[in-house]
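Right, one structure below, let's go through it.
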Amino acid sequence: FFDCVVLNPGDTRLACSSREDPRVEIRDVGSGQTLRTLNCPAGVSAYAWSPDGKHLATGCMDFNIYVWDAETGERKASLAGHVGMITCLAFNHDGNLLASTSFDGVLRLWNADAGRQLASYRGSGWQIQFSPDDRYLMGWQYGNHYGWLEIAFSQECRELFVPRDEDRASVPAFSSDGRILATGTTGKIHFWDAASGQKIGSFPQKRSEDVIFPPDGRSLFTVDRIAGVRQRTLESVGASAYRLGKARPFFDAPGIGAD
């Protein structure tokens with residue numbers, strides 16, 4: 001039997017599911033005929049139709065969210081992050097944001113098309129929904145607090161990641177022309193192309209504390225807790241290619257930056 005049924009925005013199709021059964025049946029409201037069956041990886045605890053009725057998001061008992069093409073049955077995206085049963089899903093009116101709540105106590109916002117999480121906030125909710133202008137998410141609760149969350153679009157352009165085995169990172173630094181972004185981690189200095197977000201290089205560093213690009217754009221200073229300060233020449237050799245010179249001791253001070 002079904003323990004959850006949801007009408008699409010046009011009130012013509014009904015999505016039917018159960019926590020015990022991984023199948024979701026999409027039925028015609030007038031005839032009751034099954035139009036499409038979605039084979040989810042696990043039973044379904046929550047779902048939401050996109051505003052245009054073309055997609056259906058399912059929150060499954062494996063704690064993942066899956067976005068489906070409701071016409072073809074094709075799985076378009078898998079959204080992983082929750083670690084508890086998903087209690088509610090909701091699209092905004094533009095269809096470019098998906099909100100989810102879970103027993104893990106974290107409310108998450110997703111870009112369903114790109115398949116990635118955009119933001120998270122403590123709290124949950126059983127019946128969340130976006131305001132008509134999509135500026136607020138209603139139905140949020142945290143402990144004995146209830147209210148709305150304001151949805152504000154950030155000016156973020158790129159997300160850059162360092163390996164998980166690096167347990168710390170220095171303050172990022174841009175080159176003088178803004179084309180390179182660098183940061184130091186436990187054992188390396190990492191470089192990215194600021195425009196594309198692609199990593200363009202790295203080199204080993206024992207205990208990086210800081211990276212400095214002088215205004216002239218022709219060199220790079222690295223501050224190492226063990227080895228001190230080193231200077232390298234920096235030369236552009238192509239559209240996205242650079243050459244670093246050999247390290248030259250600038251200030252030998254073992255223990256620099258130590259507490």
Side-chain angles (χ1 to χ4, degrees), residues 64-65 67 76-83 96-98 106-122 151-259:
N64 294 324
I65 300 167
V67 181
K76 306 296 289 186
S78 300
L79 311 176
H82 282 299
V83 292
N96 59 355
L97 285 180
L98 177 67
V106 179
L107 183 150
R108 302 174 192 269
L109 287 179
W110 310 84
N111 180 324
D113 292 330
R116 69 185 184 97
Q117 181 179 305
L118 299 175
S120 63
Y121 193 73
R122 64 184 184 184
I151 307 300
F153 289 90
S154 74
Q155 298 301 309
E156 176 187 285
C157 296
R158 297 283 185 271
E159 273 189 312
L160 309 177
F161 297 92
V162 295
R164 290 183 177 272
D165 58 353
E166 304 286 354
D167 61 6
R168 60 184 301 279
S170 66
V171 176
F174 281 97
S175 60
S176 59
D177 60 6
R179 296 172 62 186
I180 306 173
L181 180 65
T183 188
T185 60
T186 306
K188 286 184 180 180
I189 302 290
H190 301 265
F191 300 90
W192 291 269
D193 182 287
S196 67
Q198 292 195 0
K199 189 173 180 180
I200 57 177
S202 65
F203 64 82
Q205 181 93 338
K206 291 182 179 179
R207 186 68 176 178
S208 178
E209 290 294 324
D210 207 353
V211 181
I212 303 168
F213 289 99
D216 64 12
R218 294 180 296 185
S219 61
L220 170 74
F221 286 91
T222 58
V223 182
D224 189 296
R225 182 186 288 260
I226 298 173
V229 182
R230 295 291 184 268
Q231 182 184 24
R232 289 174 168 83
T233 58
L234 176 64
E235 177 187 2
S236 175
V237 293
S240 304
Y242 303 88
R243 180 185 295 121
L244 280 173
K246 292 183 178 180
R248 180 175 68 87
F250 189 81
F251 183 69
D252 286 317
I256 191 169
D259 296 331

Beyond-backbone contact of V211 with L220, side-chain heavy atoms, under 4.5 angstrom: yes
Interatomic spacing from CG in D210 to OG1 in T222 - rounded to 0.5 Å: 9.5 Å
Trace of the side-chain contact (heavy atoms from CB on, under 4.5 Å) decision for L109 with I151: CA-CA 10 Å; L109 287 179; I151 307 300; 3.8 Å; yes
I180 side chain near D193 side chain, heavy-atom distance below 4.5 Å: no
Residues that F221 engages under ring-ring contact (aromatic ring centres under 6.0 Å, His included), provided they are two or more places apart: F250
Pairing residues for N64 by the side chain to side chain donor-acceptor pair (under 3.5 Å) criterion, not counting sequence neighbours: Y66
Residues in side chain to side chain contact (heavy atoms under 4.5 Å, CB included) contact with S176, at least two apart in sequence or another chain: none
Nearest heavy atoms of T183 and W192, plus distance in Å: CG2-CZ3, 3.5 Å
Residues forming a side chain to side chain donor-acceptor pair (under 3.5 Å) with N96, sequence neighbours excluded: N92
Distance, nearest 0.5 Å, that separates CD1 of I189 from CZ of R232: 8.0 Å
Spatial distance of atom CD1 (I65) from atom CD (Q117) [nearest 0.5 Å]: 9.0 Å
Heavy-atom pair with the smallest gap, counting every atom of R108 and G81: NH2-O, 3.2 Å
Set of residues satisfying side chain to side chain donor-acceptor pair (under 3.5 Å) with respect to R243, sequence neighbours excluded: E235
Side chain to side chain donor-acceptor pair (under 3.5 Å) partners for S202, two or more places apart: none
Pairwise distance CG(L244) to CZ(F203) - rounded to 0.5 angstrom: 6.0 Å
Separation between CG of L181 and CZ of F174, rounded to the nearest 0.5 Å: 4.5 Å
Cationic tip of R218 above F213 ring, under 6.0 Å, 45° of axis: no
Non-hydrogen atoms of T185 and H190 that approach each other most closely: OG1-NE2, 3.2 Å
Modelled atom types, side-chain donor and acceptor of Y242 and R179, under 3.5 Å: yes
Spacing of NZ belonging to K76 relative to CG belonging to D113, to within rounding of 0.5 Å: 9.0 Å
Nearest heavy-atom neighbours spanning A77 and A112: CB-O, 3.4 Å
Backbone of T233 reached by a side-chain donor or acceptor of S219 within 3.5 Å: no
